[in-house]
> 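Mind looking over this structure? Questions follow.
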Protein chains: 4
Amino acid sequence: MSEVRASAGERAHAPVPRRAGRPRSEEADCAILDAALDALVEDGYGGMSIERIAANAGVGKATIYRRWRGKAEIVVDALSRRACFDVPLVDTGDLRADLLTTLRAVHANMVGVEGPLMAAFAAEKFRYPELREEFERVFVAERRAHLRALVAAAVERGELPADTDVELLADAGPALLWHALTVRSDPGDASLPDRIVNQLLR
Amino acid sequence: MSEVRASAGERAHAPVPRRAGRPRSEEADCAILDAALDALVEDGYGGMSIERIAANAGVGKATIYRRWRGKAEIVVDALSRRACFDVPLVDTGDLRADLLTTLRAVHANMVGVEGPLMAAFAAEKFRYPELREEFERVFVAERRAHLRALVAAAVERGELPADTDVELLADAGPALLWHALTVRSDPGDASLPDRIVNQLLR
Amino acid sequence: MSEVRASAGERAHAPVPRRAGRPRSEEADCAILDAALDALVEDGYGGMSIERIAANAGVGKATIYRRWRGKAEIVVDALSRRACFDVPLVDTGDLRADLLTTLRAVHANMVGVEGPLMAAFAAEKFRYPELREEFERVFVAERRAHLRALVAAAVERGELPADTDVELLADAGPALLWHALTVRSDPGDASLPDRIVNQLLR
Amino acid sequence: MSEVRASAGERAHAPVPRRAGRPRSEEADCAILDAALDALVEDGYGGMSIERIAANAGVGKATIYRRWRGKAEIVVDALSRRACFDVPLVDTGDLRADLLTTLRAVHANMVGVEGPLMAAFAAEKFRYPELREEFERVFVAERRAHLRALVAAAVERGELPADTDVELLADAGPALLWHALTVRSDPGDASLPDRIVNQLLR
DNA sequence: AGATAATCGAGACGGTACGTCCCGTCTTCCA
DNA sequence: TGGAAGACGGGACGTACCGTCTCGATTATCT
């Protein structure tokens with residue numbers, strides 16, 4: 001994210017563009033990102049201070065500013081490295097089962113440890129547009145494409161009507177979970193994915 | 001919102017229990033709220049400063065803090081006074097038509113001036129849970145109850161299967177619009193409400 | 001030094017150009033200047049930090065920067081307000097006695113609290129030529145003119161040769177004390193003024 | 001100054017105490033000291049930074065810290081190598097002539113190229129006591145001892161009264177020049193040494 | 001009419017955090 | 001081993017705002 005760092009060089013005599021001087025400490029990297037995530041959860045994006053991150057990470061402020069240009073960049077980097085929005089991209093050929101698997105995983109993430117992180121990130125990305133792309137990449141893109149593929153395949157197989165609005169149907173499940181989390185401020189219980197699948201694939 | 005002003009009146013036909021001293025200037029109120037919305041748009045919530053709001057409104061800082069306790073309250077008040085999330089609660093007995101009317105109105109609000117405000121407000125309510133209620137009141141409650149009533153009536157009438165998950169189906173439309181606005185960062189074009197209704201009520 | 005502050009207004013109806021807003025605290029002024037002098041003595045000019053001055057004075061940094069533009073200005077102001085280079089300008093008609101009185105007073109000042117202040121100020125005035133005048137005014141002008149007058153009168157009276165270099169002889173005493181303080185870094189003991197007078201007026 | 005350097009002879013008998021490894025670069029030495037003097041003149045002692053010296057000298061910071069322990073040592077070394085406070089220590093047996101020669105040389109140095117350097121050094125030594133000793137060594141000690149010896153010899157020879165305060169009389173000349181330079185901020189014209197000698201040795 | 005009282009704009013207050021610069025040390029690779 | 005390069009933890013810099021607190025002046029209601 002933050003830097004290039006000598007990309008191997010496969011062959012003999014490869015010039016290896018190693019930067020001169022002492023290399024940056026990976027320990028510091030980690031300590032800072034950990035402290036940043038702690039701070040994000042503890043104080044929120046607006047309330048966290050780089051000064052405190054530095055102190056908690058046992059690091060000088062300059063060491064932070066050498067790597068990132070500001071709070072937004074730190075948070076983005078921290079999230080993109082730490083956040084494991086862990087949703088298996090299953091494809092068994094059974095749409096109902098695959099959809100259920102996916103939504104259950106999404107829901108589990110939302111009510112689990114990633115929930116506050118995701119909610120915080122979602123909240124912040126409105127205020128700080130520079131976070132938007134990263135949010136997309138980490139939480140949305142892959143999973144959304146997969147769901148769309150699942151639905152499209154089901155249409156192909158004739159399990160769903162030919163005039164199905166693939167994009168909408170694929171989005172509907174996550175949209176309802178997202179709505180519960182962010183609008184209703186209540187992610188619902190474990191049965192919510194089942195209810196959603198039942199209603200959508202009736 | 002911000003304060004208890006002239007509390008009721010003790011007697012019948014109370015002669016207006018006006019407080020002693022110079023009354024607060026309504027001009028100042030307006031100037032501040034306008035400046036606050038400008039600032040919100042210009043610099044974002046994180047970047048706006050009360051000092052600049054005061055300066056732009058031609059007002060002392062104390063005049064602001066006399067009315068609100070902080071940035072969050074100002075923004076909330078500004079939004080709740082300015083934001084008119086205008087969705088007619090129609091009930092013609094035709095679910096498809098009513099749902100379409102509602103979603104079109106919601107969508108129009110989202111793509112219009114209210115969209116960014118709503119998103120900003122949604123972001124706020126995560127950090128300041130006390131704003132959740134206001135968000136609920138302004139943007140959600142009435143409309144959500146109405147949609148649920150519409151769907152329930154349709155089930156009653158036998159237009160929808162008896163085992164329909166009323167809550168989910170009522171939420172699905174707004175959820176998809178909200179998903180488009182906040183997750184996909186693209187509220188979609190004017191046909192989106194139609195596509196949603198077509199997909200949900202097939 | 002640092003500011004103007006309502007210059008009286010002599011007549012009736014004088015507009016009195018009182019600045020708007022809360023007036024600056026004189027307590028803060030004093031606390032800062034005291035802390036600054038303490039710091040100057042404690043850590044030296046190079047070692048003192050404005051941050052510590054603020055902390056010791058129980059004052060925010062902004063309160064300091066509102067009044068002065070930097071360390072140099074603070075020190076100068078502190079010196080010019082606190083430094084009372086107290087030398088009585090006696091003229092009894094007895095050159096030897098008057099000279100002795102003067103040099104003893106100068107010496108007392110140098111070995112006392114004013115010595116380091118004077119030296120520090122002398123250092124300042126090299127970097128900031130605009131301070132030269134202040135140095136001259138506070139430490140030099142009056143006393144130097146007086147001594148010259150004393151010597152000139154003695155020449156007039158015939159106590160000293162007619163070809164006496166008045167200026168040089170008048171300067172010689174203070175010059176030797178200054179030399180001891182600044183070059184030899186040892187202001188000498190209480191007998192130094194006597195030795196000087198004895199040597200100069202032999 | 002700062003360190004023991006591989007001393008001389010390579011051949012016969014010399015056990016060659018040469019240290020192992022790459023010898024230190026004399027180029028670096030010079031470049032650093034030159035850059036240091038430039039910086040001293042440009043930014044003053046307080047304003048100069050070792051980081052910039054290193055950069056301007058095209059040298060790593062470690063190369064500086066390997067040779068000197070801090071800013072003061074660098075400056076001191078730079079001055080003591082570059083500054084040639086060139087005062088011949090004549091002793092012809094003629095006090096008046098020798099004194100005059102000495103004071104003229106001192107005065108010439110003060111008004112000449114060494115003036116600003118000396119003034120800067122003098123200014124800084126008050127603020128940074130670590131410079132004091134070096135100032136003494138470079139600008140004062142030898143010359144002062146010599147002048148005292150001259151005066152003492154004159155007393156010995158009976159040219160001056162037996163009760164002459166040797167130390168004071170020896171200091172008086174330089175003291176008056178110093179006073180002119182630092183207190184009066186005007187080193188005076190070329191006749192000043194003559195006036196001083198005339199007044200002191202009447 | 002005068003007293004009382006809350007408001008107003010202005011701006012200073014003690015603080016916290018910012019992002020930059022430099023300190024003196026340490027760590028890398030190259031000569 | 002010394003050199004240039006540059007990262008390290010630390011700390012002060014001067015600035016911007018925070019939310020609170022005076023100021024003198026203004027504008028109301030209540031004697």
Side-chain angles (χ1 to χ4, degrees), chain A residues 16 18-25 27-28 47-55 57-71, chain B residues 16-25 27-28 47-55 57-71, chain C residues 16 18-25 27-28 31 47-55 57-71, chain D residues 19-25 27-28 47-55 57-71:
Chain A
V16 189
R18 184 58 148 96
R19 297 245 305 269
R22 176 176 176 176
R24 294 192 181 163
S25 154
E27 275 186 63
M48 68 199 266
S49 98
I50 292 188
E51 211 132 74
R52 228 152 34 226
I53 291 176
V59 139
K61 272 200 291 179
T63 299
I64 295 183
Y65 284 104
R66 212 172 280 125
R67 291 164 162 75
W68 302 278
R69 278 184 309 174
K71 194 155 58 162
Chain B
V16 191
R18 195 78 138 83
R19 300 232 303 263
R22 175 175 174 174
R24 291 190 182 167
S25 152
E27 277 183 63
M48 68 198 267
S49 94
I50 292 191
E51 211 128 80
R52 262 192 321 264
I53 291 176
V59 139
K61 273 202 292 177
T63 300
I64 294 182
Y65 282 104
R66 209 173 283 122
R67 290 163 162 77
W68 302 278
R69 279 185 308 177
K71 192 156 62 162
Chain C
V16 188
R18 182 62 149 87
R19 297 247 305 271
R22 176 176 176 173
R24 294 192 180 161
S25 153
E27 275 185 61
M48 67 198 269
S49 98
I50 292 189
E51 211 131 74
R52 233 161 21 235
I53 292 177
V59 138
K61 271 200 291 179
T63 299
I64 294 183
Y65 285 105
R66 213 172 278 124
R67 291 164 162 74
W68 302 279
R69 279 184 310 174
K71 196 157 56 163
Chain D
R19 302 232 301 263
R22 173 174 173 178
R24 291 190 181 169
S25 151
E27 278 183 61
M48 68 199 266
S49 94
I50 291 190
E51 209 126 82
R52 268 198 308 270
I53 292 176
V59 140
K61 275 201 290 177
T63 301
I64 293 183
Y65 283 104
R66 209 172 285 122
R67 290 162 161 78
W68 303 277
R69 277 185 310 176
K71 191 157 60 165

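Proteins get letters first, then strands, A, B, ... in listed order; numbering begins at 1 in each.
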> What is the distance from atom NZ of C:Lys61 to atom OG of C:Ser49, rounded to the nearest 0.5 Å?
8.5 Å
> Across the strands shown, which category fits D:Gly58 at heavy-atom distances under 4.0 angstrom: base, sugar-phosphate, nothing?
sugar-phosphate
> Which part of the nucleic acid, if any, lies within contact of D:Lys71, taking any heavy atom under 4.0 Å across all strands shown: a base, the sugar-phosphate backbone alone, or nothing?
nothing
> Can you work out whether B:Lys61 or A:Thr63 has the more 5'-proximal nearest nucleotide on DNA chain F?
A:Thr63
> Using a cut-off of less than 4.0 Å, is there contact between a side-chain N or O of C:Arg67 and OP1 or OP2 of E:dC13?
yes
> Look at the side chain of A:Glu51 and decide which nucleotide, out of E:dC18, F:dA4, E:dC8, has an atom nearest to it.
E:dC18
> Atom OH of C:Tyr65 and atom P of E:dG14: how far apart are they, to the nearest Å?
15 Å
> Calculate the interatomic distance between C:Trp68 atom CH2 and F:dT15 atom C1'; express it in whole Å.
18 Å
> List, with names and distances, any nitrogen or oxygen atoms from the protein found under 3.5 Å away from nitrogen or oxygen atoms belonging to nucleotides 22-24 of chain F.
none

> Looking only at heavy atoms, what is the nearest atom pair of C:Ile50 and C:Gly70, with distance?
CD1-C, 4.4 Å
> Whole angstrom is fine here: how far is it from CE in A:Met48 over to C1' in E:dC18?
14 Å
> Once you round it to whole Å, what is the distance between P of F:dG19 and CD1 of B:Ile64?
11 Å
> Whole angstrom is fine here: how far is it from CD1 in B:Ile50 over to C1' in F:dG19?
8 Å
> Measure from the side chain of C:Arg24, starting at C-beta and using heavy atoms only, and say which of E:dA12, E:dG9, F:dC13 lies closest.
E:dA12
> Would you name the heavy atoms of C:Ala54 and C:Gly60 that are closest together and state the gap between them?
CB-C, 4.3 Å
> Rounded to whole Å, how long is the line connecting atom CD of B:Glu27 with atom C1' of F:dT26?
14 Å
> Between A:Ile53 (CD1) and E:dT16 (C1'), how many Å, whole number?
15 Å
> Hey, which sits more toward the 5' end of DNA chain F by its nearest nucleotide, A:Ala57 or C:Gly70?
A:Ala57
> Select base, sugar-phosphate, or nothing to describe what A:Arg52 touches, counting heavy atoms under 4.0 Å on all strands.
sugar-phosphate
> List the atom of B:Arg67, the atom of B:Ser25, and the distance in Å for their closest heavy-atom pair.
NH2-O, 2.9 Å
> Could you please name the option among F:dA4, E:dC8, E:dC23 that lies closest to any side-chain atom of D:Val59?
F:dA4
